[in-house]
There are 2 protein chains.
Amino acid sequence: MPRTTTHAPDLDWTDPECPVARTLDLVGDRWSLLVVRDAMDGVRSFTEFQRRTGIARNILTDRLRKLTAHGLLSQRTAPSGRRQEYVLTDAGRALFPVILTLRQWGERHAFAPGETHSTLVDQHGIPVPKIAPTSADGTPLGTDTTHVQKAR
Amino acid sequence: MPRTTTHAPDLDWTDPECPVARTLDLVGDRWSLLVVRDAMDGVRSFTEFQRRTGIARNILTDRLRKLTAHGLLSQRTAPSGRRQEYVLTDAGRALFPVILTLRQWGERHAFAPGETHSTLVDQHGIPVPKIAPTSADGTPLGTDTTHVQKAR
DNA sequence: CCAATCAGTAGCATATTGCAACTGATTTGA
DNA sequence: TCAAATCAGTTGCAATATGCTACTGATTGG
């Protein structure tokens, strides 16, 4: 039978051409990325997601289903007991740079000058350096030095 | 009178502690980041934003206002003529890494294996390398090698 | 066995978004 | 110059999405 890809239930994209738009079609709502953030912090149970985000339970049900359907989370039976748990797939973990850049932007632009906020640190407690896009030869890149090249 | 910061009309944060949540409170809806994406491509006029995104005009009005109110866009009178235009502020341009990582995730995970898509290239037409978070000493970082440290 | 916890569902109220039509100020062009 | 078109919205109403509260049904712990 004709399943052409292993991918998710096809949805109709906002703009099928644009990778940014496609990504936002999957996780560009109020809650999905917060669920992913918490999953990255090690959260696995329905109740814990609910407690941390404050999301309504029916919406959480919906989001967990969607993320699972699109292959960002997988649902499995917990090793001990018969409790369910949600864990990030490789695709889900690959959102790490997205969450990180959102975090870094927020730290810099969504807090007042003196205001304190949490920080992301590595194993040794050293803050994660700021992401700075560069070209292959190392020169910094920004909006003025890049552009989108349409697919051939 | 007591205006303590120069910042935007204070909104009530989903989770005031978390920079990710704060960022998503500002741009974590269906459309804002697409508007920012287009602004990075050089779009400045209401109509052009509308045409590119396909967003309803009343919603676009609302989003442009919000982005302006929160300091991501500034609205000014176009140099020639008396037409209005919206341009990214420094804070808005600082979302470049966010858009870039969303794009890179999408290219990799939201297209079927053989499917073509656009690419972001630099001045010389060379594709922008993939963002890979590292610690200060250069070792790659992921969800398992980082954690959030609460503010002191 | 009883109470508590977990993972949801169901029903209804509110909020957000989308659609289509309308305005009012330019701008174009015949 | 006058009509048509474009730009940047606004308004009203319909369709969706979200949130809140209460309920269920399966485990689990004591």
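Below, chain A is the first sequence line, B the second, and so on; all start at residue 1.
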*Asks:* Quickly work out the B/Arg51 CZ to D/dC7 P distance and round it to whole Å.
*Replies:*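 It works out to 10 Å between those atoms.
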*Asks:* Using a cut-off of less than 4.0 Å, is there contact between a side-chain N or O of B/Thr61 and OP1 or OP2 of D/dG9?
*Replies:*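 Looking at the OP1 and OP2 atoms of D/dG9, neither is under 4.0 Å from any side-chain N or O of B/Thr61.
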*Asks:* For B/Glu48, give me all partners under side-chain contact (heavy atoms from CB on, under 4.5 Å), at least two apart in sequence or on another chain.
*Replies:*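 Expected list: B/Val43, B/Ser45, B/Arg51, B/Arg52.
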*Asks:* Would you give a per-nucleotide map of nucleotides 13-25 of chain D, 5' to 3', where B means the base has a protein non-hydrogen atom under 4.0 Å away, S means only the sugar-phosphate does, and - means neither?
*Replies:* -----SBB-BB--
*Asks:* With a 4.0 Å cut-off, would you call A/Arg22 and A/Asp25 a salt bridge?
*Replies:*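 No.
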*Asks:* Nearest whole Å is fine: how far is C/dG8 P from A/Leu60 CG?
*Replies:*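 Distance check: A/Leu60 CG to C/dG8 P gives 8 Å.
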*Asks:* For a quick check under 3.5 Å, do A/Thr101 and B/Thr101 share a side-chain donor-acceptor pair by atom type?
*Replies:*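 Yes, a side-chain donor-acceptor pair sits under 3.5 Å.
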*Asks:* OP1 or OP2 of D/dG9 sitting under 4.0 Å from any side-chain N/O of B/Tyr86?
*Replies:*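 Looking at the OP1 and OP2 atoms of D/dG9, one of them is under 4.0 Å from a side-chain N or O of B/Tyr86.
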*Asks:* Using residues 34-41 of chain A as the side-chain source, report each donor-acceptor pair under 3.5 Å to any protein atom, sequence neighbours left out, with the distance given to one decimal.
*Replies:*
none

*Asks:* Could you state the CZ-P distance from A/Phe46 to C/dT5, rounded to the nearest angstrom?
*Replies:*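 Between P of C/dT5 and CZ of A/Phe46: 16 Å.
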*Asks:* Tell me the interatomic distance from A/Arg65, atom CZ, to C/dG8, atom P, rounded to whole angstroms.
*Replies:*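 The distance from CZ of A/Arg65 to P of C/dG8 comes to 6 Å, rounded to the nearest Å.
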*Asks:* Can you tell me if B/Thr61 and B/Asn58 form a side-chain donor-acceptor pair at under 3.5 Å?
*Replies:*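 No donor-acceptor contact under 3.5 Å links the two side chains.
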*Asks:* Quick one: are B/Thr145 and A/Asp122 in side-chain contact, heavy atoms under 4.5 Å?
*Replies:*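 No, too far: nothing below the 4.5 Å cut-off.
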